[in-house]
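Letters A, B, ... mirror the listed sequences (proteins, then strands); counts begin at 1.
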2 protein chains.
Amino acid sequence: MRKETSTNTLNKEQIESMCGMAYTISVLSGRWKLSILGFLLDGGTLRYSELKRKTAGISERMLIAQLKDLEADGLIERKAYPEVPPRVEYKLSKKGKSLETILNLMSAWGEDNKGIRP
Amino acid sequence: MRKETSTNTLNKEQIESMCGMAYTISVLSGRWKLSILGFLLDGGTLRYSELKRKTAGISERMLIAQLKDLEADGLIERKAYPEVPPRVEYKLSKKGKSLETILNLMSAWGEDNKGIRP
DNA sequence: TATGGTACTGACAAAAATGTGAGAAATGAG
DNA sequence: CTCATTTCTCACATTTTTGTCAGTACCATA
């Protein structure tokens with residue numbers, strides 16, 4: 001996804017050798033990842049089509065891309081059933097669930113602060 | 001910064017009417033914002049030149065841009081002294097400081113999880 | 001008069017992220 | 001045979017973010 005030649009590119013190993021914050025950011029950044037994690041926190045196990053419905057507004061291409069990223073980073077698990085038409089279920093992994101506290105705090109902070117004019 | 005005509009643009013009001021998470025993300029997203037907040041959490045009050053030194057690697061243009069964003073969102077405070085050569089100090093606002101718990105948790109989560117191969 | 005330090009600004013370009021729209025594969029229902 | 005359903009994939013275009021690099025303004029100091 002990133003070009004290795006780019007001056008401003010940090011590859012996986014570089015990121016993982018950095019501070020914890022950098023890794024957390026790298027794993028959560030992406031316009032829809034937190035939404036997806038939120039839906040899976042609420043919904044437990046969801047089919048692709050259910051996620052698609054819940055994330056109305058996001059393009060299919062991006063939904064798939066973000067799901068792939070989240071799976072590659074070990075935050076969600078994908079299970080495909082050999083049926084026709086296909087059925088694929090997504091759910092949080094243990095690692096994904098361990099973000100729950102942080103996600104809740106971020107949400108709460110936003111609620112508390114979003115209206116405030118400094 | 002964003003074009004109002006863009007399909008995928010959410011303006012400030014729209015974001016603030018959304019869930020808290022969306023607001024939190026909108027305020028923290030930007031490649032260097034969390035680093036800057038981290039430095040200010042550690043360092044208290046810092047001059048522009050000190051921030052510049054600490055964020056070696058980030059271009060000056062971006063550093064300024066992110067400082068402006070953070071200030072506009074009320075997370076940091078800027079104080080300019082009428083001297084020559086100029087002196088400008090930055091520090092966290094109360095709102096900025098209130099992110100401390102979240103930032104620490106994110107950092108800790110990253111440390112705990114960055115090495116793990118799912 | 002020239003120089004140097006500090007905190008920026010602006011034009012331009014490259015890179016990254018996201019969107020759009022079309023289509024693929026597999027198979028049971030009609 | 002044709003169609004509908006589901007989970008994706010691909011080529012291409014646009015939007016957004018970030019980087020590069022050259023300047024600016026101020027005045028004290030040499």
Where along residues 33-44 of chain A does a heavy atom fall under 4.0 Å from DNA chain D? none
Encode nucleotides 6-14 of chain D as B, S and - characters from 5' to 3', where the letter depends on protein heavy atoms closer than 4.0 Å: B to the base, S only to sugar-phosphate, - to neither. BBBSBB---
B/E89 CD to C/dT6 P: how many Å, rounded? 14 Å
I'd like to check the salt bridge (Lys or Arg N to Asp or Glu O under 4.0 Å) partners of B/K54; sequence neighbours left out, ordered by chain and number. none
Using atom CG of B/L51 as one end and atom P of C/dC8 as the other, report the distance to the nearest whole Å. 10 Å
With a 4.0 Å limit, can you tell me whether B/Q66 has a side-chain N or O closer than that to the phosphate oxygens OP1/OP2 of D/dT17? no
Rounded distance in Å - CD1 (A/I25) to C1' (C/dA17): 17 Å
Degree of bending, the helix from C/dT1-D/dA30 to C/dG30-D/dC1 (end axes from five pairs; round to 10°): 30°
Of all residues at least two apart in sequence or in a different chain, which pass the side-chain hydrogen bond (donor to acceptor under 3.5 Å, both in side chains) check with A/W109? B/S98
A/L63 CG to C/dT18 P: how many Å, rounded? 13 Å
Can any side-chain N or O of A/S107 pair as donor or acceptor with the backbone N or O of A/L103 at less than 3.5 Å? no
Rounded distance in Å - CD (B/E83) to C1' (D/dA28): 12 Å
Walk me through it: do B/I58 and B/K52 pass the test side chain to side chain contact (heavy atoms under 4.5 Å, CB included)? CA-CA 8 Å; B/I58 167 174; B/K52 186 170 143 189; over 6 Å; no
Under the side-chain contact (heavy atoms from CB on, under 4.5 Å) test, which residues partner B/E77, sequence neighbours left out? B/K91, B/S93
Applied to residues 81-90 of chain A, the salt bridge (Lys or Arg N to Asp or Glu O under 4.0 Å) test, sequence neighbours excluded, yields A/E83-A/R87, A/R87-A/E89
Please list, chain by chain and in numerical order, all residues satisfying side-chain contact (heavy atoms from CB on, under 4.5 Å) with B/A80, sequence neighbours excluded. B/R78, B/V88
Can you tell me the distance, in whole Å, between the CD1 atom of A/I58 and the C1' atom of D/dT15? 16 Å
Is a side-chain donor or acceptor of B/K68 paired with a backbone partner of B/I64 at a separation under 3.5 angstrom? no
The test is side chain to side chain contact (heavy atoms under 4.5 Å, CB included); show your working for B/L75 and B/L92 and say whether it passes. CA-CA 6 Å; B/L75 299 188; B/L92 292 182; 5.7 Å; no
Nucleotide of C/dG5, C/dA26, C/dG19 approaching A/V84 most closely (side-chain heavy atoms): C/dA26
Can you give me the closest heavy-atom contact between A/L28 and A/K33, atom names plus distance? O-CB, 3.8 Å
Determine which pairs satisfy side-chain hydrogen bond (donor to acceptor under 3.5 Å, both in side chains) with at least one residue from residues 37-51 of chain B, sequence neighbours left out, and list them in order. B/Y48-B/E60
